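For ligands, and for the atoms within them, numbers begin at 1 and follow the listed sequence. A quick note: this is a predicted structure, and the numbers were derived from the prediction, not measured.
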Amino acid sequence: MVHTGTAFVRLAEREGAGLRVILRDVPRGREQAVRAARPVGADGLHSAVRAMLHPGEGPPLWNGIRMWRGVTEWHPVLGGRVVAVAGSNAAAKLVVYPISRAAEERGRALLNWVAEVRFPRTRRHAMAGPADWNRSGRLSDVLPYYAGWRVGDLDVPALLASTRHILEYPMVDRDPLPHWGRGPVTLLGDAAHPMYPVGSNGGSQAVLDARVLARCLAYTSPDREAGLRAYEEVRREAANALVTAHRDMPAERVLQTVAERAPDGFARVEDVLTPSELADLSAAYRRTTGVDAAELNSRGSWGVG
Ligand SMILES: Cc1cc2nc3c(=O)[nH]c(=O)nc-3n(C[C@H](O)[C@H](O)[C@H](O)COP(=O)(O)OP(=O)(O)OC[C@H]3O[C@@H](n4cnc5c(N)ncnc54)[C@H](O)[C@@H]3O)c2cc1C
């Protein structure tokens, strides 16, 4: 059964009644108990389930980068279906890409952009702000860092200024955990392993967790706890390694090396990096994130059956 509009509060175990999840009805504030054999905390960065399992961990860890994000309809730029990455996380970086086929078919482009600005340690204390995925950002905060930026035929300040609703977040993660769950409870997705959004991996890792968890539960049934522990055994080390790798992503190293060597821009990346540097950097990125198509296709399925 799906209980919408409710928030996890705590677990309760009553003699003979098994494990129950106490949920709070968010609009009314009333609490209700729901039977749950194997609660899975998939409640994101500020996971209440994680806080229960790992008390005293504290807030997410901020790396000094503020991110602003927006979506706006624009004319097609950069030749169409292109992910443009400009600048680097050493100072200011911009990522822009189109996200709508419908807009493309109308001869337009719905552009998703993320602007990331690193702040010096001395100015950070007042800058972090809460990690709330729905917090509105202000154009006047982000625009100064992109004054005069042009990426090919894209006028960056004009794009930012035309965006109606801008969001803002600090770039945060949490330290890898030595274990996710305990007894009949476990964690999944950002609740288990929030990572910096620099490699487009967080969402897909949550999907992988769900897939592996379903298989482990199916193959260890009826021993519920064995299924949860098998899931953690497969997923925890790999997900933790990604959290750590995202603190020093090879993709970021490419951008920083290029920014240092060609601060005034360049026409071809081959003029800035040697072929072997390019090959090494791209191989390191593929190794970290496991995106090699041939290797993926050669692996067995995580399906059940
Ligand atoms: C700026 C940015 C860009 C990103 N870009 C990408 C990308 O390109 N590709 C990618 O794969 N990932 C990306 N990510 C990461 C991705 O968004 C997350 O990894 C993913 O959303 C995690 O999914 P989740 O279901 O674990 O957590 P969430 O998506 O955070 O979902 C958690 C849910 O739990 C609910 N919840 C919270 N507290 C409670 C409670 N007490 N009780 C009940 N429910 C609760 C929340 O309301 C929410 O609905 C990005 C993240 C950010 C911040």
Taking atom 42 (N) of ligand 1 as the reference point, report whether a protein heavy atom occurs under 4.0 Å from it.
yes
On the 0 to 90° scale, with breaks at 30° and 60°, tag the Y231-W180 ring pair as parallel, tilted or perpendicular.
tilted
Contact partition for Q205 relative to ligand 1, non-hydrogen atoms under 4.0 Å:
neither
Indicate whether atom 12 (N) of ligand 1 is within a distance of less than 4.0 angstrom of some protein heavy atom.
yes
Decide whether an N or O pair under 3.5 Å exists between F8 and ligand 1.
yes
Pairwise side-chain contact, P184 with E225, heavy-atom cut-off 4.5 Å (strictly under):
yes
Need the ligand 1 atom indices (1-based, order shown) with element for anything under 4.0 Å from a heavy-atom of G44.
27 (O), 30 (O), 32 (C)
Do R135 and D132 sit within salt-bridge range, that is, some charged N less than 4.0 Å from a carboxylate O?
no
Report yes if G203 has an N/O atom closer than 3.5 Å to an N/O atom of ligand 1; otherwise report no.
yes
Looking at atom 29 (O) of ligand 1, tell me if a protein heavy atom falls under 4.0 Å from it.
no
Is there a side-chain contact between V172 and Y196 (heavy atoms, below 4.5 Å)?
no
heavy-atom search around atom 24 (P) of ligand 1 in the protein gives D190 N, 4.1 Å
Would you please test L143 and R138 for side chain to side chain contact (heavy atoms under 4.5 Å, CB included) and show each step?
CA-CA 9 Å; L143 204 52; R138 287 187 307 211; over 6 Å; no
Ionic contact status for R261 with E277, cut-off 4.0 Å
yes
Would atom 17 (O) of ligand 1 count as contacted, meaning some protein heavy atom under 4.0 Å?
no
Which atoms of ligand 1 sit under 4.0 Å from any heavy atom of P197?
2 (C), 3 (C), 4 (C), 50 (C), 51 (C), 52 (C)
Take atom 53 (C) of ligand 1 and look for protein heavy atoms under 4.0 Å from it; say yes if you find one, no if not.
yes
Ligand 1 N/O within reach of Y97 N/O, cut-off under 3.5 Å:
no
Report yes or no: does R50 contribute a side-chain atom to a donor-acceptor pair with the main-chain N or O of A192 at less than 3.5 Å?
yes
Shortest protein heavy-atom distance from atom 23 (O) of ligand 1, along with the residue and atom involved:
A206 CB, 4.1 Å
Can you see whether Q256 engages N89 through a side-chain donor-acceptor pair at a distance of less than 3.5 angstrom?
no
Atom 35 (C) of ligand 1: closest protein heavy atom, distance to 0.1 Å, is D43 CA, 4.3 Å
Relative to the heavy atoms of Y169, which atoms of ligand 1 are at a distance of less than 4.0 Å?
1 (C)
Minimum distance, heavy atoms only, to atom 31 (O) of ligand 1: which one of A42, G189, G41, A192 is it?
A42
Donor-acceptor contacts, no H, no angles, side chain residues 3-12, under 3.5 Å, sequence neighbours left out:
residue : atom : partner : partner atom : Å
T6      : OG1  : H3      : O            : 2.9
R10     : NH1  : E31     : OE1          : 3.4

Among protein heavy atoms, which lies nearest atom 1 (C) of ligand 1, and at what distance?
R69 NH1, 3.3 Å
Flag if over 12 foreign heavy atoms under 6.0 Å of CD, E237:
no
Are any of the protein's heavy atoms under 4.0 angstrom from atom 21 (O) of ligand 1, yes or no?
no
Working for salt bridge (charged side-chain N to carboxylate O under 4.0 Å, His left out), residues E116 and R66
CA-CA 6 Å; E116 303 173 2; R66 284 167 83 182; over 6 Å; no
Modelled atom types, side-chain donor and acceptor of H246 and N201, under 3.5 Å:
yes
Note: V114, heavy atoms under 4.0 Å from ligand 1, region reported as neither
Run down the list A210, S200, A48 and name the one with the heavy atom closest to atom 6 (C) of ligand 1.
S200
